[in-house]
Amino acid sequence: MDSKERLTYLSQINAPSGFETPAARAAQALLLPLMDEVSIDRMGSVIGARRCGKAGAKRLLLDAHLDEIGLIVTGIEEGFLRFTQLGGVDPRMLPNRELTVLTPTPLFGVVACLPPHVQTAESAQAATAMDQLYIDIGMTQAEAKQAVPIGTPVVFRAPCTPLGAGQLCGKAMDDRSCFAALVRTLELLQDHPLDVDLYVMGSTREEISGAGAKAGTFAIHPDWCVAVDVTHGATPDAPKHRTFPVGGGPAIGVGPNMTHWMTERLQKTAREKDIPYQLEVMGGSSGTNGWHMQVSREGVATAVLSLPLKYMHSPVETLDLADLEQLAQLLAAFTLSLGKGAEPPC
């Protein structure tokens with residue numbers, strides 16, 4: 001299975017925040033051939049360990065989250081489902097959207113929308129608030145109440161499709177693409193001895209609280225960690241100073257959420273290995289699990305490495321597979337550079 005096949009497989013798994021079990025089981029299966037041990041912790045996060053066999057070895061943790069944004073059913077009216085969001089869902093994209101309602105036998109649903117013929121001039125120019133939207137599953141009130149328990153999660157229904165020659169488009173690329181990159185990193189490291197104990201975590205609940213990464217990092221107690229997540233890909237309508245061209249290489253985070261020497265080491269490694277990269281300056285929180293991992297226990301030296309992604313938090317998230325490969329190449333080279341006694345504590 002190459003990275004494209006792996007990501008296509010992962011993106012089609014339905015696993016919104018708080019309901020990540022299907023993604024966790026798939027991630028566990030992908031890690032098992034590449035790690036010494038793999039487990040699922042109490043928060044539902046997948047944690048794999050590859051030990052270097054050296055006494056007193058330091059620990060490096062690589063993290064990418066497994067959850068995706070979604071919705072959750074809050075009520076039923078006239079057979080239509082009321083709902084609220086799981087993570088950062090933009091209500092503007094919901095009307096007429098196709099969905100999968102995650103009942104034991106998943107149901108197809110669509111978000112109800114008013115045809116333009118019956119809209120007022122005012123409503124045609126405004127986004128509909130989420131609490132005024134409904135999911136239509138084609139059932140009566142009695143049928144819907146029997147079929148869909150309150151609290152049922154819902155996700156976007158979208159295929160994973162090639163876009164042009166090298167890009168891939170689909171749902172849940174945030175952040176399954178980065179977990180796919182971590183698996184690729186492990187493949188690149190497979191025949192290389194390490195000087196560190198390497199941990200890989202597929203964490204849960206990033207989109208709502210970061211709880212999975214908080215608990216997992218505390219348990220692993222790493223010396224260093226790298227939060228691997230997506231960042232905003234450039235499009236013609238996006239602000240140039242806040243976005244990064246897809247195909248331009250991974251983005252290395254710079255700022256107070258990142259430990260300076262790790263940021264410098266990533267850049268130096270990329271230059272030495274002729275890996276293209278971009279710099280993403282973050283003046284405060286990185287908006288990633290790195291924000292929580294950095295302050296676990298007495299503190300963890302932290303880096304943030306990001307994959308440019310167009311149309312984040314939508315069913316058509318789009319990335320360049322070359323960026324995924326370059327991110328994995330950089331992480332592998334960075335991992336091999338650690339544990340030789342030259343790393344400062346912070």
Do other residues, nucleotides or ligands put more than 12 heavy atoms under 6.0 Å from the [atom1] atom of [X]?
| X | atom1 | result |
| --- | --- | --- |
| Asp274 | CG | no |
| Glu272 | CD | yes |
| Arg297 | CZ | yes |
| Gln146 | CD | no |

Could you give the distance from [atom1] ([X]) to [atom2] ([Y]), rounded to the nearest 0.5 Å?
| X | Y | atom1 | atom2 | answer |
| --- | --- | --- | --- | --- |
| Ile47 | Met35 | CD1 | CE | 10.5 Å |
| Ser203 | Asp63 | OG | CG | 3.5 Å |
| Met312 | Met173 | CE | CE | 13.0 Å |
| Asp41 | Met201 | CG | CE | 8.0 Å |
| Gln294 | Ser286 | CD | OG | 8.0 Å |
| Leu30 | Met1 | CG | CE | 6.0 Å |

So which heavy atom on [X] is nearest to which on [Y], and how close?
| X | Y | value |
| --- | --- | --- |
| Ala27 | Val46 | CB-CG2, 4.1 Å |
| Ala23 | Ala15 | CB-CB, 3.6 Å |
| Gly284 | Asn257 | O-CB, 3.9 Å |

Would Arg50 and Tyr199 count as a cation-pi pair here, with the cationic atom under 6.0 angstrom from the ring centre and within 45° of the axis?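 Geometry flag: not set, cation outside 6.0 Å or 45°.
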
Student check: side-chain heavy atoms of [X] and [Y] closer than 4.5 Å:
| X | Y | result |
| --- | --- | --- |
| Leu107 | Met139 | yes |
| Leu305 | Leu327 | yes |
| Trp261 | Trp224 | yes |
| Leu61 | Thr217 | yes |
| Phe80 | Ile135 | no |
| Val73 | Val154 | yes |
| Arg157 | Pro315 | no |

Indicate whether any N or O donor in one side chain lies under 3.5 Å from an N or O acceptor in the other, for Lys171 and Gln12.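 No pair is found: no donor N or O on one side chain lies under 3.5 Å from an acceptor on the other.
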
Counting only N and O atoms by type, is there a donor-acceptor contact under 3.5 Å from the side chain of [X] to the main-chain atoms of [Y]?
| X | Y | value |
| --- | --- | --- |
| Thr140 | Glu143 | yes |
| Arg176 | Leu66 | yes |
| Glu325 | Ala322 | no |
| Thr204 | Met43 | yes |
| Asp229 | Ser306 | no |
| Thr302 | Val300 | yes |
| Asp320 | Val246 | no |
| Glu20 | Arg205 | yes |
| Glu317 | His313 | yes |
| Asn96 | Val111 | no |

Salt bridge between Glu206 and Lys214, side-chain N to carboxylate O under 4.0 Å?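 Not counted as a salt bridge, because no side-chain N and carboxylate O are separated by less than 4.0 Å.
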
Should Asp2 and Lys4 count as an ion pair when the cut-off is N to O under 4.0 Å?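 A salt bridge is absent here (no side-chain N lies under 4.0 Å from a carboxylate O).
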
Consider only side-chain heavy atoms of I, L, V, M, F, W and Y, link residues closer than 4.5 Å, and tell whether [X] and [Y] are in one cluster.
| X | Y | value |
| --- | --- | --- |
| Leu71 | Val316 | no |
| Phe179 | Leu319 | yes |
| Leu94 | Val155 | no |

Could you point out which residue of Leu86, Asp175, Ile69 forms a side-chain contact (heavy atoms from CB on, under 4.5 Å) with Glu207?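 Only one option passes, and that is Ile69.
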
Intermediate values then yes/no, salt bridge (charged side-chain N to carboxylate O under 4.0 Å, His left out), Glu264 and Lys268: CA-CA 6 Å; Glu264 291 293 318; Lys268 179 174 181 287; over 6 Å; no

With Thr231, the side chain to side chain donor-acceptor pair (under 3.5 Å) member among Gln278, Glu280, Arg242: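 By the side chain to side chain donor-acceptor pair (under 3.5 Å) criterion, Thr231 pairs with just one of Gln278, Glu280, Arg242: Glu280.
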
Using salt bridge (charged side-chain N to carboxylate O under 4.0 Å, His left out), reason through Asp197 and Lys58 one step at a time and then give a plain yes or no. CA-CA 6 Å; Asp197 288 340; Lys58 293 191 174 183; over 6 Å; no

